[in-house]
Amino acid sequence: MISLQSLLAAGFVVVSGALEPDPRQSPTGAAPIRIEQEGALLPRADTLRPVGRMAVEQLQVPPLTFEPPRADQHEVDGVPVFHLHDATLPLVDFMVQIRGGTSHFPRDEMASVSGMATFIRNGGTQSIPPDSVALLADLLALDLGFASGGGGTVASLNTLTATLDEGLDLLRELLTSPGFHPEAVEIWRAQQLEQVRRREEDPMSLAYQEFNRLMYGDHPVGWVLEEEDLAAARLGEGRLREVHRTLFCRDRLTIGVAGDVQWEEILPRVERFLSTWPPCRSELQPAEEPELRRAGAVYILPRATEQTTIVLGQPGGRRDEESREYFATQVGNLILGGGGFSSRLMRRLRTEEGLTYGASSVWTNPRGYEGIFGVVTQTRAERTPDALRSIAELLEEFRDTAPEADERNRAVEQIANGYVFAFGSAAQIVARQMNNHVVGLPERWLERFLEGIQAVEPEEIRRVVAAHVEPEEMTVLLVGDPTRFDPRIEGFGPVFRLSPDGTVEPWDSSRP
């Protein structure tokens, strides 16, 4: 209980049995309280400070603007170099991106191109054996990373600032003078052969591979390593060196540097790093644009499994990244199946109908050729037709009716809120700018992307879905046991049997 003495000490006086503030204690004479009736203490309306919910509702926050950190772009000996100084830790990330991958070579070079990053990392150099490379990296606390994809190879070095010079010398020698030690090549070849032999043990991986082959046919995007591709003769040192000379040359390079080094300090090191890189002897052969499958049909790959793996999709349209249609596909895909448990596919197939543990959608937009819209899920074999019907109904609804404003807002916020994780480190920022430069995205693409996403309207989503999503024209792949469901799936076109070797034939229900 508040005592009379404490109130008096705070500047109040007793008047007619009630308390009033003592104006002598206030320079302005303004009383923090007023008396409505004798003995009652009430706050003055003009001096009331909001608290709790009232205070929160009255907060005025200026609009947030997205201004991601940016690396400075330079050019050294004709090579683009992105640099971002960050003195937080005494570490430096040095990244190299080399353009050119399997899509620029014939099929018989697929293995040599696919394994190139591993051969460089584990095969030593022409002057340092593989085990010595590993010891040197450990001694200097170097983190070396190499990866290859359809579009090129990425190499990275993370090192203490004090050992930057030694790390760059080792990275340069690995990239420009690889040893291609036969043991390292053979280890990779044996691992890939084992993956080929075990491919049928993983229905989901098998489904992805066979679906890509169905959609893209005999094109690098749809190629899958087979035993023939991994023949020892295709991985001889002579062939590896020829592929290496074609790809690892100066004109294909983009470099990124992030961390505890100023531009004036890294410039001479970049010049030294580039000094042993030869110019490219020729331009890369442009990859042909694939002819995607467009006719609706069902392909069954029989497997004695408890669940059926379902992959269905169709060409998703070709669009410029800065078009409103592109941004609508990104938001629409998140609403449909790319948003995890909040997506429509998960709510319908898992929560409402109990058909699956998970379902998702993708809507790709590769540069240079048309992407794919697709849906992936797994369900108990007997429920396969039910799952397909539910997916088709959901897609029809998505084609006919625009999302509610709240649903659109949640999807946009999810993309915007997740965007911050792309800028967790200076190395991430530089790597993203490097990649955007290599694939030809416009200047300040990161800001444009977020602005485009936030401008998407619900009706734009409906229009782009109606233009590119047609269930009756989808290619449907079922990996499972057709003896446990009726293979005559209605509404998706004719049914075919698919063999592991890619052979396709009309479905014959009399065959086991």
_According to salt bridge (charged side-chain N to carboxylate O under 4.0 Å, His left out), who are the partners of Glu352, at least two apart in sequence or on a separate chain?_
Arg348

*Residues two or more places apart in sequence or in another chain: which of them pass salt bridge (charged side-chain N to carboxylate O under 4.0 Å, His left out) with Glu289?*
Arg318

*Is there a side-chain contact between Phe449 and Ile415 (heavy atoms, below 4.5 Å)?*
yes

Which residues pass the side-chain contact (heavy atoms from CB on, under 4.5 Å) test with [X], not counting sequence neighbours?
| X | value |
| --- | --- |
| Arg380 | Glu382, Arg383 |
| Glu228 | Arg234 |
| Pro366 | Thr364, Tyr369 |

Partner residues of [X] under the ring pair (Phe, Tyr, Trp, His ring centres under 6.0 Å) criterion, sequence neighbours left out:
| X | value |
| --- | --- |
| Phe211 | none |
| Phe327 | none |
| His219 | none |
| Trp223 | none |

*NZ/NE/NH1/NH2 to OD/OE distance under 4.0 Å, Arg213 and Glu226*: yes

*Can Glu397 and Arg344 be counted as an ion pair, charged N to O under 4.0 angstrom?*
no

Counting heavy atoms not belonging to [X], are there more than 12 under 6.0 Å from its [atom1]?
| X | atom1 | answer |
| --- | --- | --- |
| Glu288 | CD | no |
| Glu291 | CD | no |
| Glu306 | CD | no |

*Out of curiosity, Leu336 CG to Leu345 CG, how far, rounded to the nearest 0.5 Å?*
4.5 Å

*Starting at CZ of Phe373, measure out to NE2 of His468 and round the result to the nearest 0.5 Å.*
11.5 Å

*Using the six-membered ring wherever Trp is involved, compare the ring planes of Tyr419 and Phe423 and label them parallel, tilted or perpendicular (cut-offs 30° and 60°).*
perpendicular

*Under the side-chain hydrogen bond (donor to acceptor under 3.5 Å, both in side chains) test, which residues partner Gln433, sequence neighbours left out?*
none

*asked:* Applying salt bridge (Lys or Arg N to Asp or Glu O under 4.0 Å) as the test, list every pair that has at least one member in residues 408-418; sequence neighbours left out.
replied: none

*Summary of ring-ring contact (aromatic ring centres under 6.0 Å, His included) pairs that have at least one residue in residues 479-502, sequence neighbours excluded*: Tyr299-Phe496

